[in-house]
Amino acid sequence: LYYSELLNNKWENIEKIAQGNNWFVNWADFPSLCKNGSHIASHWLQKSANGTYDYDIKIAIKNNNNWNTPFIPHRDSIQAEHGFVSMLPLENGNFFATWLDGRNTKLNTHSDTQHDDHGHGHGGPMTLRVAEFDVNGNLSHEKEIDNKVCDCCPTDAALLPDGWVVVYRDRTDKEVRDISMVKKTKDGILQPKKITHDNWEIAGCPVNGPAIASNKNQLAVAWFSAPENKAQVNVIFSKDGGNHFSTPISIDDGNPNGRVDIEFMDANQVLVTWMESIKTAKETHSEIRAKIIHQNGNISDSFTLTRISSSRKSGFPILAKTKNKYYLSWTDALVEKQKIKTAEIIIQ
């Protein structure tokens, strides 16, 4: 696992974080970085047993130019699935992490069996957990925040003035898999809450999670859904930290694959990216497209950022904002040797 810094429009200072021959490598469940001051936390997934989906989360922190010994943020010691991590930097210098936790899937092998898109059967449901850790890897505030969630949709998280908020694909007993959120305020961690009601009933995980962005107490969430087999990408806003949400805005061009990301541009509008499927007489491929969405419901015309493979090899494109610049990173699987590419998005 490597990382690099973008300096003067060039990727420099390539550095190895970790290596191993027993990692779990997956198109949707991939490593990440989180910077807090002079410290950087990085996570990856490492096999814990011979089962296909038995793996742990490993986190290493860079202190004084050295990467500390990796630690595991979950202390269940159960050989099960742990992944789809999102991390945030906290004001106290610590880090926040949330992840999908499969410890309960190994506790009851005779009930609630499901074969989702990850291709594994299990007992109890997947759960959503959170924890904080300091720059030395010491854990605190460990908690289960939802006891039944979709099995393998990526999570996302954002900071609020008085806490954090996590968005994820939930799961009901009737297999409705809509987007929910949990947030922490000065009063503690609140109960899970649906941000909208798509009522997408699907007996398997679509591997297509939501994305969230925050601007002070404002939130914007983008997500993919397909109720009644009608694929769509939606955006929703909240002006009060997720206490109330506006009416969802459909923003796709008619044939989306999802894999969304979102960033605030200013107090009133966001930039959203997603994958749109393009079908011609000769082939089917996808494009990463973008739109600017205003809170009042105004939507810009879509603009294509790049062509991309429709397959899982292309992974999840990532949108990032630094100062007033926007960057896209993606996996180019259309070439003979796959490459990670980045580009600055120029907004006219």
Side-chain angles (χ1 to χ4, degrees), residues 1 3 17-18 23-24 26 28-46 48 53 55-63 67-78 80-104 126-147 149-160 162-170 180-185 188-190 192 209-214 219 221 242 261 316 318 320:
L1 177 62
Y3 92 102
I17 299 171
W23 291 6
F24 180 80
N26 181 268
D29 198 355
F30 46 86
S32 70
L33 287 174
C34 182
K35 192 173 188 294
N36 196 350
S38 61
H39 300 98
I40 301 174
S42 179
H43 100 273
W44 65 94
L45 306 175
Q46 182 172 303
S48 61
Y53 297 100
Y55 53 88
D56 293 327
I57 299 163
K58 290 281 189 168
I59 297 177
I61 300 175
K62 187 177 183 180
N63 285 323
W67 290 93
N68 290 354
T69 301
F71 65 94
I72 298 173
H74 46 90
R75 295 197 259 198
D76 52 298
S77 300
I78 294 176
E81 181 177 354
H82 307 81
F84 295 99
V85 178
S86 295
M87 295 190 291
L88 295 171
L90 300 177
E91 286 188 352
N92 60 6
N94 291 347
F95 293 86
F96 165 85
T98 184
W99 66 91
L100 300 188
D101 193 296
R103 66 185 67 184
N104 293 343
M126 187 70 70
T127 64
L128 183 70
R129 299 188 69 90
V130 297
E132 294 181 18
F133 55 91
D134 65 18
V135 296
N136 296 310
N138 297 310
L139 294 168
S140 63
H141 300 92
E142 302 158 76
K143 186 176 180 63
E144 178 184 281
I145 60 173
D146 195 321
N147 63 9
V149 302
C150 200
D151 302 78
C152 42
C153 278
T155 63
D156 202 7
L159 292 171
L160 291 170
D162 62 348
W164 46 255
V165 59
V166 175
V167 289
Y168 58 98
R169 191 174 298 281
D170 215 338
S180 290
M181 58 164 277
V182 174
K183 73 171 185 174
K184 179 184 179 183
T185 70
I189 298 177
L190 306 184
I212 188 170
S214 63
L219 297 174
V221 182
D261 211 347
F316 279 68
I318 299 297

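Here, residue 1 is the first one in the sequence, and each next residue gets the next number. Any value given below was found using the heavy atoms of this structure, including those in side chains, with hydrogens, waters and symmetry copies removed.
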Once rounded to the nearest 0.5 Å, what's the spacing between atom [atom1] of [X] and atom [atom2] of [Y]?
| X | Y | atom1 | atom2 | result |
| --- | --- | --- | --- | --- |
| Leu128 | Met126 | CG | CE | 10.5 Å |
| Asn104 | Glu144 | CG | CD | 6.0 Å |
| Asp29 | His82 | CG | NE2 | 12.0 Å |
| Ser77 | Asp56 | OG | CG | 8.0 Å |
| Ile212 | Leu219 | CD1 | CG | 4.5 Å |
| Phe84 | Leu45 | CZ | CG | 8.5 Å |

Which heavy atom of [X] sits nearest to which heavy atom of [Y], and what is that distance?
| X | Y | value |
| --- | --- | --- |
| Ser32 | Met87 | OG-CE, 3.5 Å |
| Ala60 | Trp67 | O-CZ3, 3.6 Å |
| Lys35 | Phe95 | C-CE2, 4.3 Å |
| Pro73 | Ala131 | O-CB, 4.4 Å |
| Gly102 | Ala80 | O-CB, 3.3 Å |
| Pro89 | Leu159 | O-CD1, 3.2 Å |

Across all chains, not counting sequence neighbours, the side chain to side chain donor-acceptor pair (under 3.5 Å) partners of Trp99 are Asp101
Quick one: does Thr127's side chain have a donor or acceptor within less than 3.5 Å of a partner on Asp146's backbone?
-> no
For the side chain of Asn36 and the backbone of Leu90, is there at least one donor-acceptor N/O pair under 3.5 Å apart?
-> yes
Looking at Ile57, Asn138, Asn136, Ile61, which hits side-chain contact (heavy atoms from CB on, under 4.5 Å) with Phe71?
-> Ile61
Enclosure of Lys143 NZ (heavy-atom neighbours >12, cutoff 6.0 Å) | no
Is the closest side-chain heavy-atom distance between [X] and [Y] below 4.5 Å?
| X | Y | answer |
| --- | --- | --- |
| Arg169 | Val149 | no |
| Trp164 | Thr98 | no |
| Ile17 | Leu33 | yes |
| Leu1 | Ser42 | yes |

Apply ring pair (Phe, Tyr, Trp, His ring centres under 6.0 Å) to Phe316 and list each qualifying residue two or more places apart in sequence or on a separate chain.
-> Trp27
Tell me, please, which residues at least two apart from Tyr168 pass ring pair (Phe, Tyr, Trp, His ring centres under 6.0 Å).
-> none
The side-chain contact (heavy atoms from CB on, under 4.5 Å) partners of Leu190 (sequence neighbours excluded) come to Lys183, Thr185
Return yes if a side-chain donor-acceptor contact under 3.5 Å exists between Tyr55 and Gln46, otherwise no.
-> no
Residues that Lys184 engages under salt bridge (charged side-chain N to carboxylate O under 4.0 Å, His left out), provided they are two or more places apart | Glu132
Partners meeting salt bridge (charged side-chain N to carboxylate O under 4.0 Å, His left out) with Asp76 (sequence neighbours left out) | Arg103
